[in-house]
Trainee: 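Dropping a structure here in structure tokens format, bear with me for questions.
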Amino acid sequence: TLAKLLGDKESSHMARYALARLPGNAADIALIDAMGKVSDDLKIGMVYSLGRRRCRAAVPSAIKLIDSKNETLAIAALTALSRIDSPQAVSAIAKARKSGSDKIKLAATDAYLTCAKRCSPYDAAKIYTELLSANEPVMCRIAALNGLVMSTGGPKATALIIATMADKDPKIRQVAIASLRNVKDPG
């Protein structure tokens with residue numbers, strides 16, 4: 001009966017809140033099903049809930065929403081995908097960083113950083129290395145540097161910091177020096 005309420009504008013949010021807290025696939029299926037039948041405003045909450053539930057079955061539907069003309073919905077989809085442990089989700093987020101409006105690219109970059117935090121150290125290092133590139137915004141590079149130092153650790157992190165101290169950007173150099181304190185077993 002909660003699933004039926006998802007399409008009703010007046011009761012959809014309460015039904016979604018209730019479903020989002022129920023364990024099991026039935027709630028996931030109800031939310032995914034309803035997303036294909038409701039307005040963008042209601043889809044935003046549904047895709048967000050599916051992301052909080054880390055619902056892998058929602059990945060294909062959420063990926064389609066990245067290209068929505070509704071930027072709020074596209075950003076909600078990126079946020080949801082960043083919470084779901086799925087290579088397809090990570091790939092879609094990486095792709096979104098290269099297309100769309102500046103707002104979508106920024107949201108995709110933030111989602112990509114979120115993915116890196118929960119990836120294996122190897123995958124995280126790949127993402128952080130990509131985001132440390134000189135053509136990325138300074139704040140993104142700072143987050144990537146800190147993430148890379150924390151995920152690699154040891155002598156590799158020390159070597160990275162030393163190399164980064166030669167960066168052209170003084171803010172990056174400053175963060176590199178400060179990040180030395182975060183290296184466990186600097187070698």
Trainee: Are Ile177 and Leu132 connected into the same hydrophobic cluster when the rule is that any two of I, L, V, M, F, W, Y join if their side-chain heavy atoms are below 4.5 Å apart?
Mentor: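 Yes; tracing contacts between hydrophobic side chains, which count when under 4.5 Å, links both residues.
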Trainee: Ignoring hydrogens, what is the shortest heavy-atom contact between Ser99 and Ile104? Give both atom names and the distance.
Mentor: O-CG2, 4.2 Å
Trainee: Give me each pair satisfying side-chain hydrogen bond (donor to acceptor under 3.5 Å, both in side chains) with a member in residues 50-70, each pair once, sequence neighbours excluded.
Mentor: Asp28-Arg53
Trainee: Starting at CG of Leu31, measure out to SG of Cys55 and round the result to the nearest 0.5 Å.
Mentor: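 It comes to 8.0 Å.
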Trainee: Look up atom CG in Leu19 and atom CD1 in Ile29, then write down how far apart they are to the nearest 0.5 Å.
Mentor: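 Going from CG on Leu19 over to CD1 on Ile29, the span is 11.5 Å.
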Trainee: CZ/Arg141 to OH/Tyr128 distance, rounded to the nearest 0.5 angstrom?
Mentor: 16.0 Å
Trainee: When rounded to the nearest 0.5 angstrom, what is the spacing between CD1 in Ile142 and OG1 in Thr164?
Mentor: 11.5 Å
Trainee: May I have the list of side-chain donor-acceptor pairs in residues 71-79 shorter than 3.5 Å, sequence neighbours left out?
Mentor:
| unit_1 | atom_1 | unit_2 | atom_2 | d |
| --- | --- | --- | --- | --- |
| Glu71 | OE2 | Ser101 | OG | 2.4 |
| Thr79 | OG1 | Ile75 | O | 3.0 |

Trainee: Assess whether side chain to side chain contact (heavy atoms under 4.5 Å, CB included) is satisfied between Ile127 and Cys119, documenting all intermediate values.
Mentor: CA-CA 9 Å; Ile127 291 172; Cys119 285; 4.0 Å; yes
Trainee: Please answer: with hydrophobic residues joined when any side-chain heavy atoms are less than 4.5 Å apart, are Met165 and Val138 in the same cluster?
Mentor: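 They do share one cluster, since a chain of ILVMFWY contacts under 4.5 Å joins Met165 to Val138.
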Trainee: Less than 3.5 Å apart, which donor and acceptor atoms pair up between the side chains of residues 36-48 and the rest of the protein, not counting sequence neighbours?
Mentor:
none

Trainee: Provide the closest heavy-atom pair for Ala18 versus Leu2 in the form atom of the first, atom of the second, distance.
Mentor: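 It is CB-CD1, 3.8 Å.
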Trainee: Apply side chain to side chain contact (heavy atoms under 4.5 Å, CB included) to residues Leu65 and Met35 and explain how you reach the verdict.
Mentor: CA-CA 10 Å; Leu65 298 177; Met35 275 200 321; 4.2 Å; yes
Trainee: Between Ile84 and Leu50, is there a side-chain heavy-atom distance shorter than 4.5 Å?
Mentor: no
Trainee: Passes side chain to side chain contact (heavy atoms under 4.5 Å, CB included), Ser82 versus Ile93? Steps please.
Mentor: CA-CA 8 Å; Ser82 74; Ile93 292 168; 4.1 Å; yes
Trainee: For Met14, does the CE atom sit with more than 12 other heavy atoms under 6.0 Å from it, leaving out its own atoms?
Mentor: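 No, the 6.0 Å shell around CE holds no more than 12 heavy atoms from other groups.
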Trainee: Tell me every residue that passes side chain to side chain contact (heavy atoms under 4.5 Å, CB included) with Ala3, counting only those two or more places apart in sequence or in another chain.
Mentor: Ala30
Trainee: Test your reading of the model: is there a side-chain donor-acceptor pair from Arg173 to the backbone of Lys168, 3.5 Å cut-off?
Mentor: yes
Trainee: Start with the C-alpha gap between Ser11 and Asp8, add the side-chain angles, then the distance that decides, and say whether side-chain hydrogen bond (donor to acceptor under 3.5 Å, both in side chains) holds.
Mentor: CA-CA 6 Å; Ser11 57; Asp8 177 34; 2.7 Å; yes
Trainee: If you round to the nearest 0.5 Å, how far is OG of Ser86 from CD1 of Ile63?
Mentor: 6.5 Å
Trainee: Quick one: side chains of residues 106-113, donor-acceptor pairs under 3.5 Å with protein atoms, not counting sequence neighbours, listed by atom name and distance.
Mentor:
| unit_1 | atom_1 | unit_2 | atom_2 | d |
| --- | --- | --- | --- | --- |
| Thr109 | OG1 | Arg97 | NE | 3.0 |
| Thr109 | OG1 | Lys105 | O | 3.0 |
| Tyr112 | OH | Glu130 | OE1 | 2.9 |

Trainee: Can any side-chain N or O of Ser120 pair as donor or acceptor with the backbone N or O of Asp123 at less than 3.5 Å?
Mentor: yes
Trainee: Among residues two or more places apart or on two chains, list those pairs meeting salt bridge (Lys or Arg N to Asp or Glu O under 4.0 Å) that have a residue in residues 10-21.
Mentor: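 Listed once each, the pairs would be none.
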Trainee: Once rounded to the nearest 0.5 Å, what's the spacing between atom CG of Leu148 and atom CG of Leu131?
Mentor: 10.0 Å
Trainee: Mark yes or no for whether Ser179, through its side chain, and Ala176, through its backbone, hold a donor-acceptor pair below 3.5 Å.
Mentor: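 Judged by distance alone, yes, a pair lies under 3.5 Å.
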